[in-house]
Chemist: 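Can you keep this structure in mind? I'll have questions shortly.
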Amino acid sequence: MRRAPRTVAEKKRIAEVVLVALQQEYPDAHCELDHRNAFELLCATILSAQCTDVRVNMVTPALFAAYPDAAALANAKQEDVEEIVRTTGFFRSKAKNLIAMAGALMDNHNGEVPRTIDELVALAGVGRKTANVILGNAFDINEGIVVDTHVQRLSRRFGLTREADAVAIERALMPLFPRDKWALLSHLLIWHGRRVCDARKPRCGECVVRDICPSAE
DNA sequence: ATCCCGAGGG
DNA sequence: CCCTCTGGAT
């Protein structure tokens with residue numbers, strides 16, 4: 001096992017190698033939540049909490065067919081939404097949040113999805129992680145870095161941070177990567193986390209950055 | 001810190 | 001069985 005990076009320069013070196021290698025490995029890395037617009041991405045991302053994107057994609061076609069926009073979703077019956085999103089887990093909270101979120105879009109944003117962190121985070125079921133997903137993927141605004149379970153795990157394994165808190169990890173990552181790569185970075189780490197750097201049993205033998213990884217075996 | 005909650009893998 | 005999956009609200 002290699003020693004963990006200590007200085008900022010060492011961390012930047014690892015960050016650069018990771019970015020280059022993973023871009024090479026996953027040239028098609030992108031958001032895997034199916035959506036056609038910001039509203040759909042917002043709904044899908046709310047549903048993605050503690051749930052695989054594959055499963056979210058199984059329920060969103062029915063959700064978007066029944067409720068194509070904020071106006072429709074705002075007037076939905078919670079029971080009906082619960083039935084559609086049930087298999088994503090936390091279905092009562094998610095259904096309630098989706099309807100409340102749509103109501104807020106109608107009341108405060110003319111039915112549109114807002115484009116600032118503060119306005120997004122004020123919506124039901126939307127935290128900083130979800131807000132960053134919307135800004136980065138629907139609006140191409142690199143205001144922050146999406147720190148989900150994969151980004152958190154890989155950042156720590158690479159030795160880029162020892163923090164456990166998502167916001168602290170986001171602050172640690174920002175100076176290590178070019179701002180215009182922030183959205184891409186999250187997708188690369190998520191793709192690599194799903195395919196190789198698994199939470200339980202990472203497949204270091206198949207990892208393209210094992211040479212610079214302090215956690216490689 | 002705890003709750004919300006379902007599904008799939010090992 | 002236990003852990004994990006693009007978390008958020010209390």
Side-chain angles (χ1 to χ4, degrees), chain A residues 22 26 28-35 38 40-60 62-63 78-79 81-105 113-114 117-139 141-158 160-161 163-170 173 177 181-204:
Chain A
L22 295 188
Y26 310 112
D28 299 322
H30 63 277
C31 178
E32 294 188 274
L33 292 169
D34 294 340
H35 64 283
E40 292 190 353
L41 180 59
L42 180 52
C43 292
T45 308
I46 287 173
L47 290 176
S48 74
Q50 300 298 105
C51 176
T52 62
D53 51 350
V54 172
R55 182 152 297 281
V56 171
N57 291 337
M58 289 193 237
V59 310
T60 45
L63 184 70
Q78 183 167 336
E79 189 179 308
V81 178
E82 285 182 0
E83 186 175 340
I84 295 174
V85 306
R86 181 174 305 272
T87 59
T88 66
F90 302 158
F91 64 91
R92 291 187 189 88
S93 323
K94 288 177 179 176
K96 184 178 177 183
N97 286 337
L98 283 173
I99 295 169
M101 173 276 286
L105 293 189
V113 178
I117 286 256
D118 292 340
E119 291 173 308
L120 285 165
V121 167
L123 299 170
V126 179
R128 187 172 177 86
K129 178 257 166 185
T130 298
N132 276 331
V133 169
I134 305 309
L135 291 178
N137 296 282
F139 302 133
I141 299 174
N142 278 307
E143 182 154 335
I145 297 177
V146 173
V147 178
D148 65 351
T149 182
H150 294 297
V151 175
Q152 174 173 27
R153 183 178 68 254
L154 270 67
S155 297
R156 290 165 56 85
R157 283 182 177 166
F158 288 143
L160 299 180
T161 179
E163 300 284 352
D165 174 69
V167 174
I169 292 173
E170 187 179 357
L173 293 180
F177 295 91
K181 301 288 189 182
W182 286 356
L184 175 62
L185 171 68
S186 295
H187 293 138
L188 292 172
L189 293 181
I190 289 167
W191 278 48
H192 192 56
R194 289 183 52 193
R195 293 161 177 74
V196 178
C197 197
D198 186 66
R200 288 183 169 163
K201 192 183 162 198
R203 308 160 73 172
C204 299

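All values derive from a computational prediction rather than experimental measurement. Just so we're on the same page: letters track the sequence lines, and every chain starts at 1.
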Chemist: Surrounding CD of Glu83(A) (heavy atoms of other residues, nucleotides or ligands, distance under 6.0 Å), is the total greater than 12?
Modeler: no
Chemist: Minimum heavy-atom separation for Ala44(A) and Asp34(A), please, with both atom names.
Modeler: CB-O, 4.4 Å
Chemist: Between Trp182(A) (side chain) and Ile141(A) (backbone), is there a donor-acceptor pair under 3.5 Å?
Modeler: no
Chemist: Between dT6(C) and dG10(B), how many Å separate the two P atoms, rounded to a whole number?
Modeler: 15 Å
Chemist: Checking Thr149(A) now: which residues fulfil side chain to side chain contact (heavy atoms under 4.5 Å, CB included) with it, not counting sequence neighbours?
Modeler: Arg153(A)
Chemist: Would you please classify the geometry between the His192(A) ring and the Tyr26(A) ring as parallel, tilted or perpendicular, with 30° and 60° separating the classes?
Modeler: tilted
Chemist: Which nucleotide span of DNA chain B, 5' end to 3' end, has atoms closer than 4.0 Å to non-hydrogen atoms of chain A?
Modeler: dC4(B) to dG10(B)
Chemist: Between dC3(C) and dC5(B), how far apart are the two C1' atoms, rounded to whole Å?
Modeler: 15 Å
Chemist: Classify every nucleotide of nucleotides 3-9 of chain C by which part a protein heavy atom approaches to under 4.0 Å, writing B for the base, S for the sugar-phosphate alone and - for neither, in 5'-to-3' order.
Modeler: BSBBBSS
Chemist: Tell me the closest heavy-atom pair linking Leu184(A) and Ala29(A), and the distance in Å.
Modeler: CD1-O, 4.3 Å
Chemist: Need to verify one output field. Residue with the more 5' nearest nucleotide on DNA chain B, Arg92(A) or Met58(A)?
Modeler: Arg92(A)
Chemist: Look up atom CG in Asp118(A) and atom CZ in Arg128(A), then write down how far apart they are to the nearest 0.5 Å.
Modeler: 9.0 Å
Chemist: Between dC4(B) and dC5(C), how far apart are the C1' atoms? Round to whole Å, please.
Modeler: 15 Å
Chemist: Using the P atom on both, measure dA9(C) against dA7(B) and round to a whole Å.
Modeler: 24 Å
Chemist: Say you draw a straight line from NZ of Lys181(A) to CG of Leu188(A); how long is it, rounded to the nearest 0.5 Å?
Modeler: 9.0 Å
